[in-house]
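First comes the structure, then the notes that go with it.
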Amino acid sequence: MNRLLSPAHSWPRPRCVHPALTHSALTRSALTHPALRPRRSTGTIGVNKTGFIDTAPGESTLYFDNVFPLKTAVYDIRYLIMRYDKSGVESRIKKQCLPHPLRAAAAPADFTITSVVPRHKDGGAFVNFTSSDPAGVERTIQEYLKNKRLKPWFSPFTRVRTYLVRGKPWLEDLYRFPSARLRVEYVGGEDLSQEALYALFRRYGKIADIIVSPPGAKELPKSAVIQFLRMRAATSARNCLHGFTVPEMTAIAGKEGGVTLRIFYERTMKTRWMRDWVVKHPRIVLPLLAAVLAAVTVAVFDPVRTWFIKAKITHSLHFSENVYVGWLRDNTIGRFTKNQELEDLSALWDERKESVDKINGWLLESEETFIVVQGPRGSGKRELVVDSVLHGRKNVLIIDCEPINEAHGDSATITAAAAQVGYRPVFTWLNTISSLLDLAAQGTIGTSAGFSQTLENQFNKILQNTGIALKEIALEAKADNEKDAAMADDEYLSAHPERRPVVVIDNFLHMEGNSIIYERLSDWAALLVSANVAHIIFLTNDITFSKSLARSLPDRVFRSVFLGDARPESAKRYVLHHLDDDAPHITANAKALSELDDSIAALGGRLTDLEFLARRIKIGESPAQAVNEIIATSAAEILKLYFLEAAHHHQQRRSWTPEQAWYLVKRLADAEQLAYNEVLLNDLFRAGDEALQSLEQSEMIAIVNRDGRPYAIRPGKPVYRAAFRRLVEDRVLKAKMDVDSYKALIKIETATIKAAEEELAVLAGLEKKPKSRGDWLLARVQKSQDKIEIAEREVAGLKKVLAAEF
């Protein structure tokens with residue numbers, strides 16, 4: 001198929017000849033072309049930039065449509081492509097659009113092309129020519145183009161057409177672009193009817209509708225609107241009929257002629273229709289925009305984030321763990337240093353070897369469930385799992401819940417969670433913008449547009465990407481073996497538990513507060529376990545962990561290990577390992593060794609306290625001085641957190657009172673442990689065990705379970721017992737806290753008396769009074785009154801102590 005290409009920016013100047021032949025000569029094929037001579041200039045806007053084509057007497061104009069692409073915008077990439085065509089538009093029109101008799105060397109002498117004026121915006125070109133029969137030339141070329149069906153590359157479904165120009169086309173270069181809708185204005189005559197307009201414009205293409213001005217309309221100038229089905233038909237009609245003076249058309253419209261047509265493009269839609277539509281339809285646009293943003297995020301950023309998570313799990317970006325870097329380090333500075341953490345664990349190896357073997361065995365089992373390592377804070381849970389069980393193991397992910405829970409605000413929480421798994425990039429600043437957009441949308445359309453996401457949704461997204469990364473890591477070696485490659489993913493993961501990565505969730509149930517984080521973590525861990533994607537190890541100091549985990553994985557029995565305080569022998573070895581070069585000085589001195597034994601007995605086997613003891617001894621303190629300083633620090637910490645006025649500012653978030661805490665301090669200062677139910681029988685704990693549970697969560701006390709129920713209360717740390725004793729020995733503090741305790745007791749008993757008196761008043765109004773109920777209430781009032789009197793006497797004595805001492 002023949003193709004039309006774009007014109008160059010200059011055209012050869014054809015020469016003008018004198019017409020000498022009639023119309024019958026146009027069909028002869030053996031005519032010779034006249035010699036060419038220079039033609040006069042015919043610019044599209046003339047010398048005076050009028051926008052009209054200059055034509056000489058005897059010249060006619062043909063308009064060739066579909067020569068260029070229609071320009072519907074300022075920038076059109078099709079025109080950039082057509083710039084590479086170096087041939088002229090005149091040569092192409094002669095070679096492709098004219099029949100052979102008109103373009104051959106022997107063309108008729110009365111047909112001469114005098115100039116070619118391209119009309120890029122309308123996609124056509126004007127050809128000025130001289131001929132004795134312009135209408136015959138039009139018919140000949142139209143018949144030729146109809147049979148040839150010449151279609152350009154930029155419009156493969158529309159052929160090139162040509163029409164004789166009847167008016168005076170205006171070739172303006174304004175920012176007005178073609179449209180299928182024309183506005184026809186009348187100048188110097190009466191209005192034309194729809195029939196007359198149809199007769200004038202139908203030859204250029206199918207007309208969809210004609211709208212004329214209503215009778216009596218006062219708008220000037222009078223006009224009509226013609227809607228074509230195709231834009232090419234509208235461009236041809238405008239360029240051929242603009243400036244045309246309509247002759248008398250009595251046979252068609254019954255009107256006199258003499259009216260001149262001015263034709264302009266009229267946009268079918270307004271210039272800012274898209275913006276107006278967006279503003280008027282926020283219920284559709286805002287959710288659609290949110291969906292597009294979500295799709296872009298998933299398509300672009302999710303693969304990047306998954307890659308970063310995999311890099312954190314496999315440590316591929318940790319250059320310190322590179323094989324070559326490790327070999328260089330081991331053979332240089334590594335020869336003069338030693339792994340202190342492993343040596344510290346070796347001091348406790350005999351005591352905890354059984355726990356390490358258990359966990360290693362569980363990691364090799366194909367049936368998955370949660371592995372829980374529970375123990376008080378500072379008992380060495382993380383060191384046992386990470387530095388002993390998982391030492392040297394690849395593909396380990398450690399998620400610490402403490403920084404996530406302690407973050408303030410949703411953005412900080414998401415940032416902390418993303419840092420734990422290597423999820424990046426994170427656009428936390430978008431949360432604020434999304435919230436503002438949602439607020440604006442809610443005020444506009446009455447409902448949220450869905451731009452902002454809740455903390456739970458964002459956290460779930462991080463966990464979802466992490467789960468994808470874990471599964472990809474678990475399946476990395478599947479294709480290495482033909483037998484494994486034939487398995488389904490679930491079968492492969494079930495058959496190779498050693499290939500699964502390990503996820504360690506540290507500080508699980510670390511503190512009260514953001515329970516959503518713990519719930520989502522446990523649900524996500526349950527999904528990984530159920531799908532055999534990863535081994536999950538929880539590290540927690542909460543004895544009630546089974547309640548939280550059972551909601552997520554109710555059909556599995558958890559494997560748990562309890563890590564308590566180290567035994568005195570192991571604790572002593574642990575401290576001596578920490579002392580390094582100072583250890584021989586301690587072991588060689590009987591007095592220092594005896595002090596060390598007494599210090600360890602006072603501190604107990606909590607590893608963090610033992611490390612603190614070793615550090616103080618290394619700076620030059622004796623074991624007795626070091627332990628005395630540790631006890632004093634612990635006592636000051638307890639005093640500040642539980643009894644001073646500064647702690648009362650957060651009372652609304654706590655379910656215990658200083659008086660309840662003081663009661664436990666006094667009792668535990670003299671006893672190693674207290675009976676759980678005995679404490680609940682005290683008047684200060686009438687409200688139930690919520691205060692005890694809260695105090696355990698704050699690590700002041702530890703509740704010991706036996707046979708699935710709490711049975712004893714102990715200090716939160718072994719060193720706390722000595723700290724409790726030191727607090728009780730402070731006479732002023734003891735007197736002040738006892739006064740507060742008695743006042744709290746008086747308040748409780750006063751409330752009891754008031755309630756009993758109110759009930760007695762009700763009973764007094766009854767005709768038939770229940771004597772037994774009244775006697776019981778009176779006895780209760782008397783009992784409470786006795787307690788109040790005793791408490792007031794005690795308060796009077798304690799006030800004397802406060803007045804005398806300070």
Side-chain angles (χ1 to χ4, degrees), residues 50-53 60-61 63 65 70-72 119 121-124 126 135 138 142 161-277 279-281:
T50 60
F52 294 101
I53 300 177
S60 301
T61 305
Y63 177 74
D65 182 29
L70 278 174
K71 194 169 186 179
T72 57
R119 182 58 173 163
K121 186 163 64 173
D122 291 341
F126 294 94
E138 178 189 25
Q142 284 181 343
R161 303 179 304 167
T162 187
Y163 302 98
L164 190 65
V165 176
R166 306 171 69 183
K168 190 177 182 181
W170 183 35
L171 278 63
E172 38 77 23
D173 56 355
L174 304 174
Y175 281 83
R176 298 174 182 176
F177 301 103
S179 168
R181 191 179 181 94
L182 297 179
R183 175 172 293 277
V184 181
E185 296 181 355
Y186 310 126
V187 179
E190 298 183 2
D191 300 355
L192 296 181
S193 65
Q194 295 190 33
E195 294 87 344
L197 292 172
Y198 183 86
L200 289 172
F201 286 88
R202 177 59 182 85
R203 68 191 304 261
Y204 301 103
K206 180 72 174 177
I207 297 176
D209 193 12
I210 299 176
I211 303 172
V212 298
S213 299
K218 297 181 179 181
E219 294 181 2
L220 296 176
K222 297 296 184 66
S223 64
V225 175
I226 301 176
Q227 177 71 49
F228 284 92
L229 286 181
R230 296 182 179 274
M231 195 180 297
R232 289 282 183 182
T235 58
S236 299
R238 181 184 184 275
N239 286 289
C240 292
L241 292 179
H242 182 89
F244 174 59
T245 301
V246 181
E248 184 176 349
M249 303 176 67
T250 305
I252 298 178
K255 294 186 180 222
E256 296 294 330
V259 61
T260 301
L261 305 182
R262 291 168 54 191
I263 305 173
F264 304 97
Y265 294 120
E266 185 174 85
R267 288 189 173 274
T268 305
M269 303 186 72
K270 294 182 179 179
T271 306
R272 298 173 180 174
W273 67 270
M274 183 173 291
R275 187 192 68 180
D276 295 340
W277 188 90
V279 172
K280 293 178 181 178
H281 299 82

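Atom-to-atom distance recorded for L182:CG and Q227:CD is 8.5 Å, nearest 0.5 angstrom. For the atom pair CG (N239) and CG (D122), the distance works out to 4.5 Å, reported to the nearest 0.5 Å. Atom-to-atom distance recorded for E185:CD and R262:CZ is 5.0 Å, nearest 0.5 angstrom.
Remark: side-chain polar atoms of K121 are not paired, donor with acceptor, to backbone N or O of L171 under 3.5 angstrom. For the pair T245 (side chain) and T260 (backbone), a donor-acceptor distance under 3.5 Å is absent. A donor-acceptor contact shorter than 3.5 Å links the side chain of T235 to the backbone of R232.
Across G123 and L70, no two heavy atoms sit closer than the pair N-CD2, 4.2 Å. In terms of heavy-atom proximity, S179 sits nearest to M231 at C-CG, 3.7 Å. In this structure, S213 and S223 approach most closely via the heavy-atom pair OG-O, 2.6 Å. The heavy-atom pair separating L229 from A208 by the smallest distance is CD2-CB, 3.7 Å. Across all non-hydrogen atoms, the minimal contact from A233 to G205 is CB-CA, 3.7 Å.
The shortest distance between side-chain heavy atoms of D191 and V212 does not fall below 4.5 Å. Using a 4.5 Å heavy-atom cutoff, the side chains of V184 and L192 are not in contact. Considering only heavy atoms from C-beta on, R181 comes within 4.5 Å of I211 through its side chain. Between I53 and P169, the closest side-chain pair of non-hydrogen atoms falls below 4.5 Å.
Taking the ring centre of Y265 as origin, the terminal cationic atom of R176 falls outside the region bounded by 6.0 Å and 45° from the ring axis.
Checking each of R119, R238, R161 against D65 for a salt bridge (Lys or Arg N to Asp or Glu O under 4.0 Å) leaves exactly one that passes, namely R161.
Using a cutoff of 4.0 Å between basic side-chain nitrogens and carboxylate oxygens, R203 and E138 are scored as salt-bridged.
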Next item on the list: Using the side-chain contact (heavy atoms from CB on, under 4.5 Å) rule, take L200 and L261 through it: C-alpha gap first, then chi angles, then the decisive distance, then the call.
Entry: CA-CA 11 Å; L200 289 172; L261 305 182; 4.1 Å; yes

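Listed by first and then second residue, the ring-ring contact (aromatic ring centres under 6.0 Å, His included) pairs that reach into residues 183-242 are Y163-Y204, H242-F264, sequence neighbours excluded.
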